[in-house]
2 protein chains.
Amino acid sequence: MSQGSGKTPSKRPLTLRDVSEASGVSEMTVSRVLRNRGDVSEATRKKVLEAARELGYVPNKIAGALASSRVNLVAVIIPSMSNMVFPEVMTGISDVLEDTELQPVVGVTNYKPEREEAVLYQMLSWRPSGVIIAGLEHTEAAKAMMGAAGIPIVEIMDTDGEPIDSAVGISHRRAGRKMAQAIIDAGYKRIGFLGTKMPLDHRARKRFEGFTETLAKAGLEVADSEFYSGGSALKKGREMTEAILTRNAEDPLDFLYYSNDMIGAGGLMYCLDNGIDVPGEVGLAGFNGIEFLDGLPRKLATMDACRVEIGRAAAEIIAKRVEEGDEAAGEVITLEPSLEFGETLKRKKKLI
Amino acid sequence: MSQGSGKTPSKRPLTLRDVSEASGVSEMTVSRVLRNRGDVSEATRKKVLEAARELGYVPNKIAGALASSRVNLVAVIIPSMSNMVFPEVMTGISDVLEDTELQPVVGVTNYKPEREEAVLYQMLSWRPSGVIIAGLEHTEAAKAMMGAAGIPIVEIMDTDGEPIDSAVGISHRRAGRKMAQAIIDAGYKRIGFLGTKMPLDHRARKRFEGFTETLAKAGLEVADSEFYSGGSALKKGREMTEAILTRNAEDPLDFLYYSNDMIGAGGLMYCLDNGIDVPGEVGLAGFNGIEFLDGLPRKLATMDACRVEIGRAAAEIIAKRVEEGDEAAGEVITLEPSLEFGETLKRKKKLI
DNA sequence: AATAAAATTGTTAGCGATAACATATATCAC
DNA sequence: GTGATATATGTTATCGCTAACAATTTTATT
């Protein structure tokens, strides 16, 4: 009743031996058939496959991995699953790994370094073939583990720093600078910044640093800022926008730079709801380039973070090194995020 | 240089034996220390821990799992990561499993049954302690595998059907009926439906079935419908809304039921942008209760799908059965989704 | 037909840990 | 101090599979 389709109502879990006995060949041959390795005659292959199917046998990779010391798992360690950016990175990773024997296994750290360390330890204890991990900032212990693991490590999202091994990402400092330059060029002067509380979001922090740095060169600075954590980002975006605009009513802000598109979208909606002229009275820009923006009443200016591409590239590095060995260790790929002006950031006024 | 903090610049991967030698006790004792099992004197415990840390030893769970035939993994198989609903389910699962030894491992099927079967096979080959899988519809082979796996299986999201073992979810038929009733009560008559192409989205299909069924009882039917697949859901929502409203301009629709909140939000924005009175001229409702809605200009009516709660309950079932054995097999938990009227669905006009 | 080369199958010895049992050392009652 | 109970540690035998090599059968070559 409880057993699938097989005839054996046994309790003991099935092993290669069962299939071997059922098909009258050695365990080794069964193993070969099931893995498509080595030469096996068509006749026995069919016999074995039939028996395995009949019994409902599922190979035990635990044993297989131990015996062969090959584990087709790639550890993917990311801070969060719920913010729309990592799912896209995952898409890129999955796309590439689907064509290989490798399989991604995801761990989530919630932006906590100590959690990252624990997750990494857990993951490494399964002896994966490679690690893809977000960010360049890790605890010392985590760095040590990755350094000693003897497998390809790819740090993603960010290339502003020293990778342990390989890295794929964008320069968030540069992204911040680039956006600042576009804002300056468009003639905005009184600029507000809205973002997450950043102690642990290093990439947001770096963007902010690049941003202020370029403003400074133009003799400008961030006039005011607003931070949040948790909650509905869209709503927070609204609320923060209202707060920051109200607070600066006397000497009004003319641009708001958001650390992500979701709060930016909230801000945009607030402005539209309140009859604020965007981008004339106030310009807006976010960060990430999420697909979502396409549906907004007005297209928010943003900078694409190349998420899918980062995932793809990272997975390709792992796949290649698993396949061909570690000659290419230490590769760093810096992608160039593209600025999308959308309809909330004026174009450069004029040259000269 | 490449080795973390250890002194051994070796190439060979570390094993218990290395720690054993470094600390001068048997492998078994090291194993006991590292797992906090059995009595070990404080002195040796410290010695061993020190040696392990020094070497940068990470236990090999592959070997451990094989020897103990205990694998602290829970396979979680879901159709998609990118639609905001499963990340929340994952949150619920993680919350619960964090307090146990169990660890979730996610597989994504992209709504393809054959992909689901393959993912399941992969997962089962790691001999997880349990499976949490979305939906009640699976290939015959998949059902057979789960039936024969001898581990707790929890099918989530949906309870309209026959579970293999346990199930946690809501009745989507009932959710559809409930929404239909609210719409009828509010006095809407010309109702449009907008959703994904549904051949494989069984839950959307069931909601639709329940919906039409209840309409039928009130002598109503879905006046027109519109389907999409892929792309920015928000944008699609806009486009479809425009299309369906335009198409029915002569005999205008007065309600639009969307199969998810994201396209509903798009529709809402379209209506607001075009000066359509919501909910007077046209009422709107979505499905899911995503947090996101809080930030919209007007709160969309929706029905909460209890996502986090489903995740929690499913994880609890697994955890309990891993802990206490399989007496409680076959448990089915049906949660009751709550209708949220928001500001896009008129309340019941009056009784009688 | 005889021998070499290729294709197919089998045998043996681990992979690195843990369960179960065995042994040694410490603690205790009397 | 002696035997007994508890605490700490060590030994041995797997766990289910695969690498590496051995043995056998088939096919090709001359």
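Each chain gets a letter, A, B and so on, in the order its sequence line appears, and its residues count up from 1.
With hydrogens and angles ignored, a donor-acceptor pair under 3.5 angstrom links the side chain of A/R32 to the base of C/dG10.
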Test side chain to side chain donor-acceptor pair (under 3.5 Å) on A/S31 and A/R35; report intermediate values, then the result. CA-CA 6 Å; A/S31 169; A/R35 287 178 301 147; 3.1 Å; yes
Report the C-alpha distance between B/S94 and B/T91 in whole Å, list the side-chain angles of each, state the deciding distance to 0.1 Å, and finish with yes or no for side chain to side chain donor-acceptor pair (under 3.5 Å).
CA-CA 5 Å; B/S94 303; B/T91 302; over 6 Å; no
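Ranking D/dT9, C/dG10, C/dG16 by closeness to the A/S26 side chain, first place goes to C/dG10. Of the candidate nucleotides D/dC17, C/dG10, D/dT9, C/dG10 has the atom nearest to the side chain of A/T29. Which of C/dA19, C/dA17, D/dG16 sits closest to the side chain of B/R70 comes down to C/dA19. Taking every side-chain heavy atom of A/N60 into account, D/dC17 is the closest of D/dC17, D/dT9, C/dG16.
The residue among B/M28 and A/L16 whose nearest nucleotide of DNA chain D is located toward the 5' end is B/M28.
At a cut-off of 3.5 Å, with distance as the only test, a side-chain donor of B/T139 or B/E117 sits close to an acceptor on the other residue.
The pair A/K143-A/E162 does not meet the salt-bridge criterion, since no charged nitrogen lies less than 4.0 angstrom from a carboxylate oxygen.
A/S41 comes within 4.0 angstrom of sugar-phosphate atoms only, judged by non-hydrogen atoms across all strands, and of no base.
Neither OP1 nor OP2 of D/dC15 sits under 4.0 Å from any side-chain N or O of A/R12. For the pair B/Y57 and C/dA17, the criterion of a side-chain N or O lying under 4.0 Å from OP1 or OP2 is met.
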